[in-house]
**Student:** 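This is the structure, below, for whatever I ask next.
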Protein chains: 2
Amino acid sequence: MGERWWHRKFRGCGYRLTVPREVIFTVLSKTSKHLSAEEIYIEVHKTYPAIGLTTIYRTLELLVEMGFILKFDFGDKRARYELAEGLQGKQHHHHLLCTDCGKIIDYTDFAKEEKELLGQTEKGLSEKFNFKITNHLIQFYGLCSKCQKK
Amino acid sequence: MGERWWHRKFRGCGYRLTVPREVIFTVLSKTSKHLSAEEIYIEVHKTYPAIGLTTIYRTLELLVEMGFILKFDFGDKRARYELAEGLQGKQHHHHLLCTDCGKIIDYTDFAKEEKELLGQTEKGLSEKFNFKITNHLIQFYGLCSKCQKK
DNA sequence: TTTGATAATGATAATCATTACCAAAAAGGT
DNA sequence: ACCTTTTTGGTAATGATTATCATTATCAAA
Ligand SMILES: [Mn+2]
Ligand SMILES: [Mn+2]
Ligand SMILES: [Zn+2]
Ligand SMILES: [Zn+2]
């Protein structure tokens, strides 16, 4: 696990490299799911039972701040996290959420058309409202194939 | 205040018409802000100090369910509500959120281009993932004009 | 290597928005 | 006015996230 690539950025920001940070980052790196703090805690706990939930929260906040991971709210009352774009070949994407079973689908396919419209819209909004846009959130809600049959 | 138009729908659903419901609905009808449950409580409390916060929550839930109001999460840890589209000339719109001061801007201007892309995207996603899309959430984050100067 | 200043951790308590409970009050048909 | 059913409002409970703070780990310097 001794990868150096992100250790450097870490040290560069004056942060110490610790076991919990290494472990939590690794968990996020190896899943394609959108894990909550507690789910990460449970996973981490299997191998490192000494690491506490508080540390999970603190580390997640740090990783978000450093741009390693993204924090999402999918409406289920808890924050969920996933690796940021650029890492592990992750691409910028949006989400499709099943309001029945909670399934989350990543999609990047329509990024082309979307990106164009987004650019246009952001430009228009920036001008009209003198607003400096830095980020956007796009989510579609509905029923997944399984839940449509119920 | 004796408007009958929404009273009818209310009764039609088997719900009783009560003072709290009338008052809370009226508050939402008369503001263009995106109020939280507590803010609504405070407003209501000025004229009807006997109405409790629990009733505010319950009534808001009911109004959402009946389609009179919409519930939003703007990332400030509390739900915010506004009159649904169609009522009081409200149009379907999205939001521009200042991450510094919390300012919320409604915009409907770019609805045309957006609507087109949304339709396309929703269609594509529906087909590709066999997902029945019923709703969407689009928000832009950034700095408002005032906060850019700080 | 040891040391020492400082950052990080983890157990616990505190927050705070939202819900659950339940006895009392209000609504509306008779 | 009466009766049945809803609705209400005070209070306690919930549950995710944060704050506290004594203890431990990190890492640059000696
Ligand atoms: Mn994702
Ligand atoms: Mn709005
Ligand atoms: Zn589903
Ligand atoms: Zn601002």
Side-chain angles (χ1 to χ4, degrees), chain A residues 1-2 4 6-25 27 34-42 44-45 47-66 68-69 71-81 102, chain B residues 1-2 4 6-25 27 34-66 68-69 71-81 102:
Chain A
M1 317 278 113
R4 282 289 110 80
W6 66 280
H7 287 196
R8 224 169 264 146
K9 182 172 179 185
F10 228 80
R11 290 255 173 63
C13 292
Y15 295 121
R16 295 181 179 177
L17 213 26
T18 69
V19 172
R21 286 170 180 175
E22 179 95 51
V23 173
I24 292 166
F25 184 88
V27 167
H34 305 78
L35 300 174
S36 67
E38 193 179 6
E39 286 169 346
I40 293 169
Y41 171 72
I42 291 171
V44 164
H45 194 266
T47 332
Y48 294 85
I51 297 178
L53 182 54
T54 303
T55 298
I56 305 287
Y57 275 107
R58 261 189 311 235
T59 303
L60 288 171
E61 188 186 7
L62 183 66
L63 294 176
V64 167
E65 180 212 309
M66 296 190 66
F68 286 123
I69 64 175
K71 182 179 186 177
F72 285 100
D73 171 14
F74 294 132
D76 61 346
K77 310 284 184 186
R78 74 210 62 194
R80 293 189 170 275
Y81 303 84
Chain B
M1 322 271 113
R4 284 287 113 77
W6 67 280
H7 286 196
R8 226 170 260 145
K9 182 172 179 186
F10 227 81
R11 290 256 173 63
C13 291
Y15 294 121
R16 294 182 180 177
L17 212 26
T18 68
V19 172
R21 287 171 179 174
E22 178 96 50
V23 173
I24 293 166
F25 184 87
V27 167
H34 305 78
L35 299 174
S36 67
E38 193 180 5
E39 287 169 345
I40 293 169
Y41 171 72
I42 291 171
E43 184 60 31
V44 163
H45 193 266
K46 292 176 187 169
T47 332
Y48 294 84
I51 297 178
L53 182 55
T54 302
T55 299
I56 305 288
Y57 275 105
R58 261 189 312 236
T59 303
L60 288 172
E61 189 186 7
L62 183 65
L63 293 176
V64 167
E65 180 211 309
M66 296 190 67
F68 286 124
I69 64 175
K71 182 179 186 176
F72 285 100
D73 171 13
F74 294 131
D76 62 345
K77 310 284 185 185
R78 74 210 59 197
R80 294 190 170 275
Y81 304 83

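Here is the naming used below: chain letters follow the sequence lines, and residue numbers restart at 1 for every chain. The shown structure was predicted, so the numbers you read here are calculated from the model rather than taken from an experiment.
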**Student:** Heavy atoms from C-beta onward define the side chain here; which of C/dT18, D/dC27, C/dT9 lies closest to that of B/Y57?
**Tutor:**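 Minimum distance to the B/Y57 side chain belongs to C/dT18.
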**Student:** Heavy atoms from C-beta onward define the side chain here; which of D/dG9, D/dT5, C/dG10 lies closest to that of B/T55?
**Tutor:**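 Ranking D/dG9, D/dT5, C/dG10 by closest atom to the B/T55 side chain puts D/dG9 first.
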**Student:** To the nearest 0.5 Å, how far apart are CZ in B/R21 and CD1 in B/I51?
**Tutor:**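 CD1 of B/I51 is found 11.5 Å from CZ of B/R21.
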**Student:** Would you compute the distance between atom CZ of A/F68 and atom CD1 of A/I24 and round it to the nearest 0.5 angstrom?
**Tutor:**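 Separation between the atoms: 13.5 Å.
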**Student:** For the pair B/F72 and B/F74, name the ring-plane relationship: parallel under 30°, tilted 30 to 60°, perpendicular over 60°.
**Tutor:**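 Rings of B/F72 and B/F74: parallel, under 30°.
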**Student:** Look up atom NZ in A/K71 and atom CD in A/E61, then write down how far apart they are to the nearest 0.5 Å.
**Tutor:**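 If I round to the nearest 0.5 Å, the distance is 7.0 Å.
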**Student:** Starting at the 5' end of DNA chain D, which residue's closest nucleotide do you reach first, A/A37 or A/Y15?
**Tutor:**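 Going by which nucleotide is closer to the 5' end, it is A/A37.
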**Student:** Between atom OG of A/S36 and atom CD1 of A/I42, what is the distance when rounded to the nearest 0.5 Å?
**Tutor:**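 With rounding to 0.5 Å, OG (A/S36) is 7.0 Å from CD1 (A/I42).
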**Student:** Does B/R58 make a side-chain donor-acceptor contact with the base of D/dG9, cut-off 3.5 Å?
**Tutor:**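 Under the 3.5 Å cut-off, the side chain and the base do form a donor-acceptor pair.
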**Student:** Starting at atom NE2 of A/H45, determine the distance to atom P of C/dT9, rounded to an integer number of angstrom.
**Tutor:**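 To the nearest whole Å, that distance equals 16 Å.
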**Student:** For DNA chain C, whose closest nucleotide is more 5', that of A/G52 or that of B/D76?
**Tutor:**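 Upstream on the strand: A/G52.
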**Student:** Tell me the interatomic distance from A/I51, atom CD1, to D/dA25, atom P, rounded to whole angstroms.
**Tutor:**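 Roughly 12 Å, once rounded to whole Å.
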**Student:** Please state how far atom OH in B/Y81 lies from atom C1' in C/dT18, giving the value in whole angstrom units.
**Tutor:**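 Spelled out: OH on B/Y81 to C1' on C/dT18 is 9 Å.
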**Student:** Rounded to whole angstrom units, what separation is found between the CG atom of B/L62 and the P atom of D/dT7?
**Tutor:**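 So the two atoms are 8 Å apart, to the nearest Å.
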**Student:** Decide yes or no, distance alone: a donor-acceptor N/O pair under 3.5 angstrom between the base of C/dT9 and the side-chain of A/T18.
**Tutor:**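 In this structure, the two groups form no donor-acceptor pair.
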**Student:** A/R21 CZ to C/dG10 P: how many Å, rounded?
**Tutor:**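 Computing the A/R21:CZ to C/dG10:P distance gives 11 Å.
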**Student:** Between B/L17 (CG) and C/dG29 (C1'), how many Å, whole number?
**Tutor:**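 From B/L17 CG to C/dG29 C1': 15 Å.
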**Student:** Check the phosphate of D/dC27 against A/R11, side-chain N and O only, distance under 4.0 Å to OP1 or OP2. Yes or no?
**Tutor:**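 Indeed, a polar side-chain atom of A/R11 lies that close.
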**Student:** Rounded to the Å, how far apart are A/Y48 OH and C/dT9 C1'?
**Tutor:**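 Taking atom C1' of C/dT9 as the reference, OH of A/Y48 is at 16 Å.
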**Student:** Which one of A/L63, A/V27, A/V64 satisfies the side-chain contact (heavy atoms from CB on, under 4.5 Å) criterion with A/Y81?
**Tutor:**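 Answer to the side-chain contact (heavy atoms from CB on, under 4.5 Å) test with A/Y81 among A/L63, A/V27, A/V64: A/V64.
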**Student:** Taking the minimum atom-to-atom distance to the side chain of A/L53, which one of D/dT17, C/dT9, C/dA8 wins?
**Tutor:**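 Within the option list, the nearest is D/dT17.
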**Student:** Report which part of the nucleic acid A/R16 touches: base, sugar-phosphate, or nothing (heavy-atom distance under 4.0 Å, all strands).
**Tutor:**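 It contacts base atoms.
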**Student:** Between the base of D/dT11 and the side chain of B/T54, is there a donor and acceptor pair under 3.5 angstrom?
**Tutor:**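 Answer is yes: a donor-acceptor pair is held.
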**Student:** For A/K77 and for A/A50, locate the closest nucleotide of DNA chain C by heavy-atom distance; then report the residue assigned to the nucleotide nearer the 5' terminus.
**Tutor:**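 Comparing both residues, the 5'-ward one is A/A50.
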**Student:** Could you give the CD1-to-C1' distance, from A/I56 to C/dT9, as a whole number of Å?
**Tutor:**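 Taking CD1 of A/I56 and C1' of C/dT9, I get 11 Å after rounding.
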**Student:** If you only use heavy atoms from C-beta on, which nucleotide in C/dG10, D/dA16, C/dA8 is closest to the side chain of A/R78?
**Tutor:**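 Nearest listed nucleotide: D/dA16.
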**Student:** Among C/dA8, D/dT26, C/dT19, which is the nearest nucleotide to the side chain of A/V19?
**Tutor:**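 Closest nucleotide to the A/V19 side chain: D/dT26.
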